There are 2 protein chains.
Amino acid sequence: MSGQTELTHTKRQRSVRKQGGSLSKSIYEEIRERICLLRYPPGDVLREAELAEEFGVSRTPIRQVFQKLEIDGLVETRNGVGTIVTGFDFVQMKDVYELRLKLAELIAQLSPKPCSDFHRSGMEQLLNRAAQLKGSRDTGEFWRINHERQKIIASLIGNTALRDMYDQFYYQTGRVWFQMVDVMWDDQVEALCAELRDLIRAMELGDTQAVAYVERNHLSFYMGLIGRFISGELPKADSSGSNWFVDARE
Amino acid sequence: MSGQTELTHTKRQRSVRKQGGSLSKSIYEEIRERICLLRYPPGDVLREAELAEEFGVSRTPIRQVFQKLEIDGLVETRNGVGTIVTGFDFVQMKDVYELRLKLAELIAQLSPKPCSDFHRSGMEQLLNRAAQLKGSRDTGEFWRINHERQKIIASLIGNTALRDMYDQFYYQTGRVWFQMVDVMWDDQVEALCAELRDLIRAMELGDTQAVAYVERNHLSFYMGLIGRFISGELPKADSSGSNWFVDARE
DNA sequence: TTGGCAATAGCTGTATACACAATGCCAAAA
DNA sequence: TTTTGGCATTGTGTATACAGCTATTGCCAA
């Protein structure tokens, strides 16, 4: 009908676009990672227009991403203000850890998949990478290693509903975990290596049940750590001293 | 810059708007209910513009709702086609039921809340309503009663993460449950009454653990039913004979 | 009569325009 | 100097315009 064709778009920077899965799934993952790695700390205000420009899209896809993140419990959108990164509530996180513990026990009970050499060799590679973290303090690499560990474990879960939930909670607790990593680096590197070693040992036996219990026990370890954070026994923040820990949700 | 102000909006029918919670949350719940009650059967194509007009809003809020429903696994949006109600996969539903069974066992393990007379009397009212279903075949009422039962049970769950998940899965399996109700009405009414009676008895004792096990056992009952559906022992569809059960995903 | 292709209608995906809400600043009055 | 009220700025919420994709249908040729 109308003849206006040479408007503005179709020549923007297509930085992240269409590389990953369906659409702006990659944007979602990118922003989620920024939140989990505390690059967007709790209380930070994200503006739709700002991120829209950065990723070279309009506000619409960014809003979609925000909505998903809100369902994940990572942000909270308030009219007229912005989209705010939620503070993490150590008490609620303890709830989640408590549940994750129980879910880990279920991995091997609900039609587990057999673990193969493929899984074991994957873990061995991760162990190699993890061993190099001792001096470097490369938090991004730490995150990525843990990520892939999670992916391998998830692939052993036969029950699809359980697997989805297991992933969901992993991202929900990601920030708390990362916080602990940041405060006590050396201990955490050691803990990760120990976890990987235990997993490899269990996988050598081809015993998914054993893998599940290793996960359970390491989750238990982190849960204990959270308890010590709550009681004030451990320092809570490392930079800027602001307390992100009082949850702002009403 | 331009001065077009008297376009069209600001005088539309505001049917559902702003009555419920935040925004178009009520639209979400309405459409979800239509899907769960099979008014939008699997394979049905929902069009954004259509529903937008019905609810008197633009496509934007409807798209938000669809996105949420997609996360719930109830619909699937395909470019250029529409938003399609997913077929339910009995096998996957069995996975979900298997997990729900285990979760029910956890209710009383993870900081359960004490159950009070308030809970018991609520259940008694539901039992009264349920008893009247025997002759009437009022599926909507059945749905509502079950809904409130779920709400009361959820309020006994102390662990917030568990509670959220328990609700999530309830809606995911809602359609399968409803399907079974539709095929064997009288048995299902009887089963609901029995469940409510058991719950009341457990609540009279103030024993949340007992409540949890009642739930577990009734879930187990439904899971067995699904098994019989899968094996073909029970008829799968009641109307139009179309098989909704071959999942159309990908 | 049938198979293939092309035009088309109708839908979602994206961008943008506009309305409303919240917050901070500044000025005026006590 | 302090307090308060109004206004400007800036953000999200919603509506709409436009672009791209899909399925269908009708036409033409074999």
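Chain A is the first sequence line, chain B the second, and so forth, proteins listed ahead of strands; every chain is numbered from 1. Computed from a predicted model, the values in this text were never measured in an experiment.
Taking the six-membered ring for Trp and thresholds of 30 and 60 degrees, B:F88 and B:F90 have ring planes more than 60 degrees apart, a perpendicular arrangement.
Between A:E148 and A:R129 there is a salt bridge, since a side-chain N of the basic residue sits under 4.0 Å from a carboxylate O of the acidic one.
Considering CG of A:L101 and CG of A:L106, their distance stands at 10.5 Å, rounded to 0.5 Å.
Paired with A:E215 under the rule salt bridge (charged side-chain N to carboxylate O under 4.0 Å, His left out), one option of A:R100, A:K102, A:R149 passes, and it is A:R149.
One can place CZ of B:R59 at 10 Å from P of C:dC11, the figure rounded to the nearest angstrom. Rounded to whole Å, atom P of C:dT23 lies 7 Å from atom CZ of A:R78. Rounded to a whole Å, the CG atom of A:L51 is 9 Å from the P atom of D:dT12.
Nearest to the side-chain atoms of A:S58 among the listed nucleotides C:dT14, D:dT16, C:dC18 stands C:dT14.
For the side-chain contact (heavy atoms from CB on, under 4.5 Å) test, residues two or more places apart in sequence or in another chain that qualify with A:D167 are A:Q150, A:A154.
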Can you name the atoms? Protein N/O to nucleotides 5-11 of chain D N/O, anything below 3.5 Å, with the distance.
unit_1 : atom_1 : unit_2 : atom_2 : d
D:dG11 : OP1    : A:R47  : NE     : 3.4

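Distance alone, capped at 3.5 Å, places no donor-acceptor pair between the B:R39 side chain and the B:I31 backbone.
Residue whose closest nucleotide on DNA chain D sits further toward the 5' end, between A:T77 and A:T60: A:T77.
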